[in-house]
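Remember, it's 1-based here, ligands and their atoms both numbered in the order they're listed.
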Amino acid sequence: MTEQISRRKAIQGGAALVGLAALGVPQWMLPALAEGGEVVPWTDVPANFNPNPPTGSRTLDTRTIRESSFITPTEEFFAVQHYEQAQVDPATYKLRVTGLVNKPIELSLDELKRRRRIEQIIGFECSGNNPARLNTLVGNARWAGTSLSALLREAGLKPTAREVVFFAADKGTEEIVHGGPPQKYEQTFGRSLAVEDATKPEILIAWEMNGGPLPVSHGAPVRLIVPGWYGVANVKWLNHVHAQDTRFMGRFMARDYVTMTEKKIGDQTIWDETSVSRIRLKSMIASITRNGDKYTATGFVLGDGTPLRSVEVRVDNGQWQPASMDRANTQYSWKLFTYECTGLGPGDHSIVSRATDANGTVQPEETDLQSKKTRWENNAQFVRKFKV
Ligand SMILES: Nc1nc2c(c(=O)[nH]1)N[C@H]1C(S)=C(S)[C@@H](COP(=O)(O)O)O[C@H]1N2
Ligand SMILES: [Mo]
């Protein structure tokens, strides 16, 4: 946990402790209240809901998100990968830059770490996230590394380069159909970015997460972090950057992580099939806590880095009301917000949030997403139910 966050927590906790102690609240009650009050359980979550998926991956139980949860601790940050987690020896590690470059590069981990260090708080989700799984494939961390664009400049991208492909150390066997029976090939994980995206200054070749070395589950020793993009762009166990003049059509660009939307153009139906890329504007309410008759809803917003115009909350189909934004939020972090619910009578209630960005893009409702036929990129407003 960063110093900043633990200090914030201490201040919040401390203020609550002093105030309540003065009111004569018994000592044993203080720690729980200092953490933000009593949790109001969701009535829309099945009793057998398992926040931890079965194999190899990890989820963040979003119900535990509070005002003090701005940075996700490394061991709680969700983890997803499609093959086995790669075990890379940092002593022999090399990062190569090859292809349409004037000067191919090969760097050891030490050489890489001697480059100019940049640090940024970046939140992201897996594009397979959705309300039914409580959007648990999510996290917000402080990443440190060096700039991809500087490395590409050093290698001298040739003007003919169209795409930059990022290959990793993890491998799997893929069945490829090319006439006749499918053939099996061993392939490493790969994703690409168009040159104009890859040369944006904010993209990180990262070796540090929340002040510590990257753990194996998050791509040790080096991974890519593309701020504002869905998780699949953030290639873990990165060891090879390759510039080419053709589009990379590997599994995770062209066959998997493809969103298919039905579109009507005049009287014709076309199928728009796109590779998962920038995070579509999303918000959700993660938890509600109670302090006396004060109910505090806490949630987060994710997006592509476009500034927000508003984050609003609606209780029981009433008016949309503005949420309060956390002062720690930055351009590419998730944006934590809180909302105080007042005048809640006993009984069942609903609560939902919606984000709108500066371009006027409004987070859709579930029914707005009907023409999207694949499960990827579900950024629907999430109506939650609770009882007081
Ligand atoms: N090498 C490699 N990188 C990968 C993947 C993978 O399978 N292999 N999965 C991607 C997907 S789909 C997601 S959502 C993110 C998850 O990053 P995290 O595990 O650090 O949360 O990693 C991405 N990077
Ligand atoms: Mo993902």
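The shortest N/O to N/O separation between Y83 and ligand 1 does not fall below 3.5 Å. Between F124 and ligand 1, no N or O atom pair is found at a separation short of 3.5 Å.
Of the protein's non-hydrogen atoms, the one nearest atom 17 (O) of ligand 1 is R223 NH2, 3.1 Å. In this structure, atom 23 (C) of ligand 1 lies nearest to the protein heavy atom G231 O, 3.2 Å. Scanning the protein for heavy atoms near atom 7 (O) of ligand 1, the closest one is H82 N, 2.9 Å. In terms of protein heavy-atom proximity, atom 10 (C) of ligand 1 is closest to V232 CA, 3.8 Å. Nearest protein heavy-atom contact of atom 12 (S) of ligand 1 is Y257 OH, 2.8 Å. Among all protein heavy atoms, the one lying closest to atom 8 (N) of ligand 1 is D170 OD2, 2.7 Å. The single protein non-hydrogen atom nearest to atom 19 (O) of ligand 1 is K236 NZ, 2.5 Å, given as residue, atom name and distance. Looking only at protein heavy atoms, the nearest one to atom 14 (S) of ligand 1 is C126 CB, 3.5 Å.
If you look at F78 next to ligand 1, the close heavy atoms, those under 4.0 Å, come from the backbone and the side chain alike. With a 4.0 Å cut-off on non-hydrogen atoms, A168 touches ligand 1 through its side chain and not its backbone.
Side-chain N/O atoms of T306 and D304 include a donor and acceptor closer than 3.5 Å. A donor atom on one side chain and an acceptor atom on the other are found under 3.5 Å apart for N135 and K282. No side-chain donor from either of S333 and N140 sits under 3.5 Å from a side-chain acceptor of the other. Side-chain polar atoms of S283 and Q363 form a donor-acceptor pair below 3.5 angstrom.
Heavy-atom contacts of W237 reach the following atoms of ligand 1: 1 (N), 2 (C), 8 (N) (cutoff under 4.0 Å). Close approach of ligand 1 to N234 (heavy-atom distance below 4.0 Å) involves ligand atoms 22 (O), 23 (C), 24 (N). Within ligand 1, counting atoms from 1 as listed, the ones closer than 4.0 Å to a heavy atom of V235 are 3 (N), 24 (N). Less than 4.0 angstrom separates some heavy atom of Q81 from each of these atoms of ligand 1: 6 (C), 7 (O). The contact set between ligand 1 and F77, taken as ligand atoms under 4.0 Å from a residue heavy atom, comprises 21 (O).
With sequence neighbours left out, H240 forms a ring-ring contact (aromatic ring centres under 6.0 Å, His included) with F167, H242.
Note: F70 and F300 fail the aromatic proximity criterion, with ring centroids not under 6.0 Å apart. Proximity of the aromatic rings of W376 and Y257 is defined here by a centroid distance below 6.0 angstrom, and this criterion is met. For an aromatic pair to be called close, the ring centres must be under 6.0 Å apart, and W143 with F77 satisfies this.
Checking E175, Q187, E174 one by one against R251, the side chain to side chain donor-acceptor pair (under 3.5 Å) holds for a single residue, E174.
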E67 and T338: CA distance, side-chain angles, deciding distance, side-chain hydrogen bond (donor to acceptor under 3.5 Å, both in side chains) verdict:
CA-CA 7 Å; E67 281 181 80; T338 54; 4.7 Å; no
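The heavy atom nearest to atom 9 (N) of ligand 1, out of those in V80, I225, L60, is found in V80.
Under a 3.5 Å cut-off, the side chain of D170 and the backbone N or O of T188 do not form any donor-acceptor pair.
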